[in-house]
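These values consider heavy atoms only, across backbone and side chains, with no hydrogens, waters or symmetry-generated copies. Quantities reported herein were computed from a predicted structural model and do not represent experimental measurements.
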Amino acid sequence: AETVWGDEQSDFVCNTQQPGCRNVCYDRFFPISHIRLWVFQLLFVSIPSLLIGMHVSQRKKGKKNIKIFHQNAAKQKIKIDAPLLRTYLVSLVFKMLFEASFMYLFYWIYQGYQMLRLVKCSEYPCPNTVDCFISRPTEKTICTVFMLVISALCILLNVSELCFLVVKYCIIQCRTSCYPAVENDTKSKR
């Protein structure tokens, strides 16, 4: 990505010699570099996962005698308690919101997902409407679409994980509330 979105201002060419016109036009069409926006996206999407790690760490410190993860040796399954599950589900929702927000932000800042070859600029100090040319627009469009597809895939995976966990939790709650005797018999046999 750095080779595609490196020092783009030097390759941004406008058909004028007016001092400052090229800089103003570049700033108009590229208010923030794609690399910096992707870094912000990565940071924001990673924060909920870090909060989960902090939650687990805090719970282990505060409740040394209580295990957060109960492991069933026979089935090798790990059971997560309700507060941690709620925190995890909220973190999934925030990840999806951050991904969707950044997808919209890309669209809003760059006026679509396609990088145009030619942009027209009439910002001050340009003397009139100036044609400016973006270097490697096809490569930039492909890179942008690839990043957006990856973001959409992440949203889809988060939605499927959220649905899976909610359905699984509902099934477990239904079994424990509808069939408490069967659940107690199963626990006593272990």
Side-chain angles (χ1 to χ4, degrees), residues 1-6 30-110 112-113 140-190:
E2 184 66 36
T3 57
V4 176
W5 294 100
F30 297 100
I32 185 170
S33 76
H34 277 65
I35 297 289
R36 287 186 184 96
L37 197 54
W38 284 327
V39 167
F40 285 137
Q41 181 179 6
L42 182 64
L43 288 173
F44 274 88
V45 170
S46 299
I47 286 172
S49 297
L50 294 173
L51 292 177
I52 291 293
M54 289 171 47
H55 183 148
V56 169
S57 176
Q58 185 66 28
R59 298 267 318 261
K60 283 183 179 179
K61 285 180 186 177
K63 300 178 182 182
K64 292 185 180 182
N65 296 331
I66 299 174
K67 292 182 181 178
I68 292 174
F69 297 103
H70 305 287
Q71 189 168 5
N72 184 343
K75 294 184 179 180
Q76 295 295 323
K77 289 187 177 180
I78 296 174
K79 186 176 179 182
I80 301 174
D81 66 346
L84 184 59
L85 180 63
R86 278 193 299 271
T87 304
Y88 187 70
L89 293 177
V90 168
S91 77
L92 285 177
V93 170
F94 274 105
K95 281 183 185 181
M96 290 185 291
L97 288 174
F98 288 143
E99 289 281 5
S101 298
F102 274 95
M103 287 175 75
Y104 176 73
L105 195 61
F106 269 99
Y107 185 83
W108 182 70
I109 288 175
Y110 300 109
Y113 298 128
K140 289 177 182 169
T141 299
I142 291 170
C143 191
T144 301
V145 168
F146 175 77
M147 294 300 285
L148 292 168
V149 166
I150 296 298
S151 291
L153 183 63
C154 288
I155 290 173
L156 180 67
L157 290 173
N158 284 330
V159 166
S160 62
E161 185 176 11
L162 184 70
C163 291
F164 171 77
L165 290 173
V166 168
V167 167
K168 186 173 180 178
Y169 181 77
C170 290
I171 289 171
I172 290 171
Q173 291 303 313
C174 182
R175 282 184 186 167
T176 29
S177 64
C178 295
Y179 307 107
V182 175
E183 188 69 28
N184 290 335
D185 290 341
T186 308
K187 286 182 181 178
S188 63
K189 289 179 183 177
R190 291 181 197 166

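- The distance from the CG atom of L85 to the CG atom of L165 is 6.0 Å, given to the nearest 0.5 Å.
- For V90, the side-chain contact (heavy atoms from CB on, under 4.5 Å) test picks out F94, with sequence neighbours left out.
- Note that CG of L153 and CG of N158 are 9.5 Å apart. Values are rounded to the nearest 0.5 Å.
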Side chains of residues 97-108: which donor-acceptor partners sit under 3.5 Å, not counting sequence neighbours?
from, atom 1, to, atom 2, distance (Å)
E99, OE1, Q41, NE2, 2.8
E99, OE1, S151, OG, 3.0
S101, OG, L97, O, 2.7

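- Between atom CD of residue Q173 and atom SG of residue C178 there is a gap of 10.5 Å, rounded to the nearest 0.5 Å.
- Remark: L162 engages L89, L92, V93, M96 in a side-chain contact (heavy atoms from CB on, under 4.5 Å) (not counting sequence neighbours).
- Looking at residues two or more places apart in sequence or on another chain, you find a side-chain contact (heavy atoms from CB on, under 4.5 Å) between I32 and R36, L37, F40, I109, Y110.
- Looking at residues two or more places apart in sequence or on another chain, you find a side chain to side chain donor-acceptor pair (under 3.5 Å) between E161 and Y88.
- In terms of heavy-atom proximity, T144 sits nearest to Y113 at CG2-O, 4.0 Å.
- To the nearest 0.5 Å, atoms SG (C170) and NZ (K168) are separated by 13.0 Å.
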